[in-house]
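In what follows, every chain begins at residue 1, and chains take the letters A, B, ... in the order their sequences are listed. Side chains are part of it too, since the values below use all heavy atoms of this structure and drop only hydrogens, waters and symmetry mates.
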There are 2 protein chains.
Amino acid sequence: MNLKELSTLLGLSQTTVSRALNGYPEVSEVTRDKVMKAAKQHNYTPNIRARGLATGRNHTVGHVIPLSTEHEVVNPVFTDFIAGASEIYARENYDMMLTIVPDKTEAEAYRKIAAKGSVDGVIVHGPKANDPRIALLREIGMPFVVHGRSGIAEESEYSWVDMNNTRAFERATQFLIDLGHRRIGLLNGLENMDFAIKRREGYRDALISAGLKEHKELCYSSEMTEEYGFSATLEMLALHKPPTAILASSIIVGFGVRRALDTAGLKIGKDVSLIVHDDDLSYLRNGAAEPIYTATRSSVRMAGRICAEILMEQISDPKRPMRHVLLDAELIIGHTTGPAPKS
Amino acid sequence: MNLKELSTLLGLSQTTVSRALNGYPEVSEVTRDKVMKAAKQHNYTPNIRARGLATGRNHTVGHVIPLSTEHEVVNPVFTDFIAGASEIYARENYDMMLTIVPDKTEAEAYRKIAAKGSVDGVIVHGPKANDPRIALLREIGMPFVVHGRSGIAEESEYSWVDMNNTRAFERATQFLIDLGHRRIGLLNGLENMDFAIKRREGYRDALISAGLKEHKELCYSSEMTEEYGFSATLEMLALHKPPTAILASSIIVGFGVRRALDTAGLKIGKDVSLIVHDDDLSYLRNGAAEPIYTATRSSVRMAGRICAEILMEQISDPKRPMRHVLLDAELIIGHTTGPAPKS
DNA sequence: TCCAGACCTCAAAGCGCTTTGGCTTTTCCC
DNA sequence: GGGAAAAGCCAAAGCGCTTTGAGGTCTGGA
């Protein structure tokens, strides 16, 4: 069923039917009602490409997910992020176009997406330290929102939604210090990513303001896998002076830490304390009623919702000022932290 | 830059330029070359909506991800599935449209997608026992491929790519029986899902052919979370006759089992054996060089690739016969299984 | 009664592309 | 050299929608 058919069926012109459906005031309420009913009855939905062609607006946003070619890993938080964003898209009747792009060919991919003209805006995932994508998108003139940030310099010149990574890891480190820990390991994400850099800063800040030093041999950086958590922990435990507490950049890394401690015959929360960062993923809940892991928690799904909302704004009025949302993580006390063991 | 501009620039008609770019034989190689070069140089990409309108083909496939409203969980395997599928889409120059649909409104969502006419085919995720979506899509006449299956009756009447769930769990169970285990717990997924039903069957078959019984109190079914693995395991351990081995439907559930055993002071692979199903997710690798968990393994990313390939075929020639691919899972021996303890 | 102004409705153009059908030029073979 | 076939190119229609500019009808005030 298309507009033409529907309108002849109703004995009206396409114009009138189109206007009735799109809420224009030039059509009487009686007519509008009739049209609406008929549309519903015949399951009519405007052809989205035709509408896009006519209006120049697609009602579609793009999500470009970088695929680390080195590690072949897609960031698992993206599932929940998307789930959050699509709540908004569903409400606003937007579609979501997904592109997974090997990180080598990113620039080209963005240009292509822009040239194809099938999306009204994009959400940028996984920003690196000084991510060229941001300059590129600004140059192209495509509305976008970044999930995360990238560097400091031009932060005010684009919209972003980020978690306060620095502060979260500073608080977590502080918490461990308050418990008496002095040697604290950090299992960070890849430190070419902005979020990892910021977390490292928070960690360092807390140590320094407590008069402690950042020990290189306690700082790891890698793709966040269980295996990484496991092997890095074992390595640290084998040190002359092993850490009494560990900070892990994700709950999955935390699983690996748990397994390593288990293997080493150490009791988690007693012999070694552990704090993880918890993205509050739906399929990786940190416990049901009470938290398992002591964690810094910030819902990535919520971030998805906010990003989507801001992008919608930006699309409907590109002249609107840029928006910046900094979400604070909560510190949640679970069963994996305790006072530093006396030695 | 659009076709018109490009063609006047070249001093050719739109027809010729279009044909040159799309590889039609009516244009000389010399001209084609010139056109190609100019297109590249000016970064010309055909407007995808316009092309869609003209051809009726969108070069876009839809993925409809069900969101369990009851549990608010998006299946985490879908990240890797998508990554696999997009390798194919990238190669074939297809786009991917994503829709996350609360499971209550699925039928409506599919109809809407069809009416909008923005995709040439869809991939159906997470089929339930007798999934109405399949009949619906056939009625609508939209090409589709199911990741998984749904019931037995009409399996030959649509294309699907599935893992041999029954056989995988039968083998795993058999393996445990061979190790001397007699009481084997099953932490299954939600048993309204086809895959979970099939796994249960495999488990039961192996028990029965070994002359054992399926004990109701050892069979769990739920959304596959870490917490579920933890609490179900604790419950089973509290039984009068606890299991000596556990089968978990995902590696995440396996993490929970590990934690429970840890809490109970039991040694995994010694006091209690564990086999998990491993979807070979990029961010949840079951160990690096050697596997950690004994597991049935089948790459969901591979399944994504195959689904996408079949869908491409189906779209380019809808009369082609349906295809059915049944992937066999390997049984991988890790460190979580051992002989049943003497009691 | 007449006309301005609301109020509705419509025909047609245009979005950027593909494709049909036709035209001109070249090539080939007898 | 002549005719037919092949090669190369083009104008124009059409995909389904929105939107402009114009027209028709109805009301109410002068």
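Computed from coordinates, the B:R19 CZ to D:dA7 P distance equals 14 Å when rounded to whole Å. For B:K4 and D:dA12, the NZ to P distance is 13 Å, given to the nearest whole Å. Separating the CD atom of A:Q14 from the P atom of D:dT20 is a distance of 16 Å, rounded to the nearest angstrom.
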Test log, rule side chain to side chain donor-acceptor pair (under 3.5 Å), inputs A:S282 and A:D80: CA-CA 7 Å; A:S282 59; A:D80 267 59; 3.1 Å; yes

Does the side-chain contact (heavy atoms from CB on, under 4.5 Å) test come out yes or no for B:V27 and B:V35, once each step is laid out? CA-CA 10 Å; B:V27 42; B:V35 172; over 6 Å; no

So B:R323 and B:V145, side-chain contact (heavy atoms from CB on, under 4.5 Å) or not? Walk me through it. CA-CA 9 Å; B:R323 298 222 2 225; B:V145 177; over 6 Å; no

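In this view, B:Y283 satisfies the ring-ring contact (aromatic ring centres under 6.0 Å, His included) rule with no residue, not counting sequence neighbours.
For D:dT20, its base never sits under 3.5 Å from the side chain of A:T15 at any donor and acceptor pair.
Closest approach of A:Q314 and A:F144 over heavy atoms only: OE1-O, 4.4 Å. For B:V64 against B:R133, the heavy-atom pair with the smallest separation is O-NH1, 4.4 Å. In terms of heavy-atom proximity, B:P127 sits nearest to B:V146 at CG-CG1, 3.8 Å.
Across the helix from C:dT1-D:dA30 to C:dC30-D:dG1, the helix axis at one end is tilted relative to the axis at the other end by 50° (nearest 10 degrees, each axis from five pairs).
Nucleic acid contact class of A:T55 (heavy atoms, under 4.0 Å, all strands): sugar-phosphate only. At a threshold of 4.0 angstrom between heavy atoms, the contacts of B:I48 with the nucleic acid are absent.
We find the CD-OG distance between B:Q14 and B:S7 to be 4.5 Å, quoted to the nearest 0.5 Å.
Within residues 25-47 of chain A, the residues that place at least one heavy atom under 4.0 Å from DNA chain D are, in residue-number order, A:Y44, A:P46, A:N47.
With a cutoff of under 4.0 Å to any heavy atom of chain B, the contacted region of DNA chain C is bounded 5' to 3' by C:dG16 to C:dG21.
Between B:R91 and B:E309 there is a salt bridge, since a side-chain N of the basic residue sits under 4.0 Å from a carboxylate O of the acidic one.
Along DNA chain C, the nucleotide nearest A:T16 and the nucleotide nearest B:A54 are compared for position; the residue whose nucleotide lies closer to the 5' end is A:T16.
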Less than 3.5 Å apart, which donor and acceptor atoms pair up between the side chains of residues 40-47 of chain A and the rest of the protein, not counting sequence neighbours?
unit_1, atom_1, unit_2, atom_2, d
A:H42, ND1, A:A38, O, 2.9
A:N47, OD1, A:R49, N, 2.8
A:N47, OD1, A:A50, N, 3.0

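Here side chain to side chain donor-acceptor pair (under 3.5 Å) pairs that include residues 28-39 of chain A, with residues two or more places apart or in two chains, are A:S28-A:T31, A:E29-A:R32.
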